[in-house]
Amino acid sequence: MLAKQQRKRRVGRDDYVRLHPLLLATLGFTAGAIGTLIATIIVAEFHYDDSGVAELIHAQLQQPALWVADFAPFLMAAWSYYLGRSGQNNISALSRQIEALRTQAVMLEHQARHHMTHDVLTNLPNRALLLKRLNRAIRNAKQVKERFAVLRLDVDRFKEINDALGHDHGDQLLTGIANRLLNAVADDTLVARVGGDEFVILVPNIGAVKDATEIAVSIEKTLKQPFTIDTLDVDAQVSIGIALYPDHGNRKQELLQHAEVAMYIAKHEKSKFSLYHSSYDNRSPQRVTLTAELRQAIDRNDLVLQYQPKIRLTPGATPEFEGLIRWPHPRHRTLPPQEFIPLAERTGLIKNVTQWVLTNALQQLIHWHNQGLDASVAVNISAQDLHDDELVDHIAKHLARHNIAPHRLVLEITETSIMVNEQRASDTLHELAKMGVRLSIDDFGTGYSSLSHLSELPIHEIKIDKSFVADMAGNPTHKMIVCATIDLAHNLGLEVIGEGVADERTFRQLDDLGCHSAQGFFISRPLHAQDVAVWARSTKWLSPLTHRH
Ligand code: C2E
Ligand code: MG
Ligand code: MG
């Protein structure tokens with residue numbers, strides 16, 4: 001419609017512009033002709049005292065000056081035509097420029113409108129457009145008595161991947177995820193990006209509840225294949241929360257919030273996806289208030305460390321206990337680390353968390369020693385901690401204050417966190433190793449580094465990730481990875497431990513493969529600090545030599 005009007009307007013102006021030089025030429029000719037006529041009359045009057053037609057013709061024939069004047073109309077016409085044409089060219093150029101500016105303005109307006117409603121990186125609809133579409137979906141569904149689904153999807157450990165691979169690669173991963181999501185859903189489904197690594201999918205016309213879960217399964221399946229970013233194969237695991245209209249809410253904020261609650265439950269239970277249930281409400285704290293509360297919990301000493309034994313398969317070794325943090329939240333259930341450590345990492349609070357953990361774990365070591373249990377303690381360290389100038393000093397001070405031999409402290413670091421700022425991480429690790437603290441690579445196999453690369457670092461132990469260990473009995477590829485890692489660790493002179501050992505069969509297999517140590521529910525679940533000494537005294541896993549009485 002707009003284009004039609006513009007075309008019409010352009011035609012009108014162009015016609016006028018086309019007429020303009022001819023009109024001027026006619027006017028010029030007329031002016032020239034009138035001039036010639038007046039000159040002829042004046043000459044006739046002057047020479048023949050009359051200006052009748054005969055005198056005028058006579059004057060024209062007899063006076064050479066008038067012959068020149070006879071050219072005047074033609075000269076005037078040509079000159080006027082020339083002026084008209086150059087004016088026409090100017091007007092055409094001007095009109096073209098106006099037209100170009102107008103087109104540009106329309107494009108910019110269109111772009112601005114697009115930016116207001118779309119995410120710049122992935123070009124997916126953003127939160128603003130999602131909210132509009134949700135409103136429309138609710139109106140529609142109400143009218144035709146239909147059900148629709150809101151799926152909320154979050155990339156697990158995205159921050160870690162982003163920090164390790166660099167933001168450009170992180171962006172490529174998000175774009176890759178966006179494209180796969182678009183390919184996985186039907187045309188009438190809306191896929192929006194609502195935050196850094198958060199997407200919302202709005203699926204209209206859901207028949208049965210299981211239709212929504214089937215979509216979640218198929219999305220999870222599409223994202224399962226690794227993403228090739230430059231030369232790296234990157235795995236992006238996601239957690240999906242599902243809320244249905246009208247089953248789980250009939251307002252947009254309610255649906256989004258309930259889908260988020262379900263997503264946290266999926267993350268917590270490592271179940272890939274979860275359908276909202278009202279009983280989840282008191283299990284899912286809001287992130288904003290959580291940050292402030294976490295700060296308070298650190299100050300008030302409200303956090304708790306549980307300890308899970310790491311058992312050496314050869315008897316007589318000093319037992320080691322890994323400190324695993326929990327937060328007995330006053331209003332929610334006890335929160336596991338996955339639900340607040342990423343938040344602490346995002347907000348910089350991790351530094352305080354790690355200092356709290358180190359202080360408490362080392363105090364606990366002294367306490368066990370006083371109870372007659374000589375042990376080592378392992379503490380999990382985040383990527384940011386390796387860039388904290390105060391970490392090394394803090395550890396040195398604590399070890400000195402409690403007179404603890406540095407080799408009694410083990411720091412568990414994931415391979416991805418080492419890659420965040422390799423040089424800096426390597427410097428810190430060398431300083432710690434020089435001090436005598438032992439270093440362990442946690443969750444080995446889930447990151448993007450190679451063992452030979454890690455061998456340049458002063459580490460003493462590799463922990464094979466539980467995802468490989470847990471199902472090695474039934475998954476030949478995982479068993480092969482475990483074997484190869486154990487062999488390589490042997491060749492590099494490193495200790496190797498399997499985590500997530502949940503049954504005897506796995507334990508025996510690790511033992512046969514020459515794994516040095518094991519950790520997992522089969523040996524013991526994480527224990528309360530006060531139960532550790534009792535467990536150590538009664539368990540078959542530790543040699544009696546461990547206890548001094
Ligand atoms: P991680 O260091 O790899 O710890 C092992 C996790 O596996 C623990 O979960 C443990 O409870 C669980 N686990 C142990 N044995 C088994 C088993 O046989 N089967 C199964 N399915 N799971 C087993 P948790 O305590 O929830 O900790 C999860 C992660 O949170 C830890 O993984 C660690 O990366 C992080 N984390 C825990 N405490 C801290 C901390 O104080 N600081 C930091 N920065 N991260 C921590
Ligand atoms: Mg660990
Ligand atoms: Mg681990």
Q.
List the residues meeting salt bridge (charged side-chain N to carboxylate O under 4.0 Å, His left out) with E214, not counting sequence neighbours, and say none if there are none.
A. none
Q.
Suppose we screen for side chain to side chain donor-acceptor pair (under 3.5 Å). Which residues come up paired with T506, at least two apart in sequence or across chains?
A. D503
Pair up each side-chain donor or acceptor in residues 457-469 with any protein partner under 3.5 Å, not counting sequence neighbours, and list the distances.
from : atom 1 : to   : atom 2 : distance (Å)
H460 : ND1    : L439 : N      : 3.3
H460 : ND1    : L439 : O      : 3.0
H460 : NE2    : R438 : NH1    : 3.4
E461 : OE1    : K310 : NZ     : 3.1
E461 : OE1    : S440 : OG     : 2.5
K463 : NZ     : E322 : OE1    : 2.8
K463 : NZ     : E412 : OE1    : 3.1
K463 : NZ     : E412 : OE2    : 3.0
K463 : NZ     : Q519 : OE1    : 2.7
D465 : OD2    : S467 : N      : 3.0
D465 : OD2    : S467 : OG     : 2.6

Extract all donor-acceptor atom pairs below 3.5 Å that involve side chains of residues 400-409 and protein atoms in other chains or at least two apart in sequence.
from : atom 1 : to   : atom 2 : distance (Å)
R408 : NH1    : A375 : O      : 3.3

Q) Listed by chain and number, what are the ring-ring contact (aromatic ring centres under 6.0 Å, His included) partners of F522, not counting sequence neighbours? A) F507, W541
Q | Residue list, side chain to side chain donor-acceptor pair (under 3.5 Å) with H516, at least two apart or on another chain | A | none
**Q.** Contact list for residues 217-229, test side-chain hydrogen bond (donor to acceptor under 3.5 Å, both in side chains), sequence neighbours left out
**A.** T228-D233
Q | Residues in ring-ring contact (aromatic ring centres under 6.0 Å, His included) contact with Y307, at least two apart in sequence or another chain | A | W368
Q: Report the residues that fulfil side chain to side chain contact (heavy atoms under 4.5 Å, CB included) with D168, sequence neighbours left out, ordered by chain and then residue number.
A: none
Q: Quick one: list whatever passes side chain to side chain donor-acceptor pair (under 3.5 Å) with D389, sequence neighbours left out.
A: R424
Q: Could you note down all residue pairs passing ring pair (Phe, Tyr, Trp, His ring centres under 6.0 Å) where residues 155-178 supplies at least one of them, sequence neighbours left out?
A: none
Q | Listed partners of N301 passing side chain to side chain donor-acceptor pair (under 3.5 Å), at least two apart | A | W356
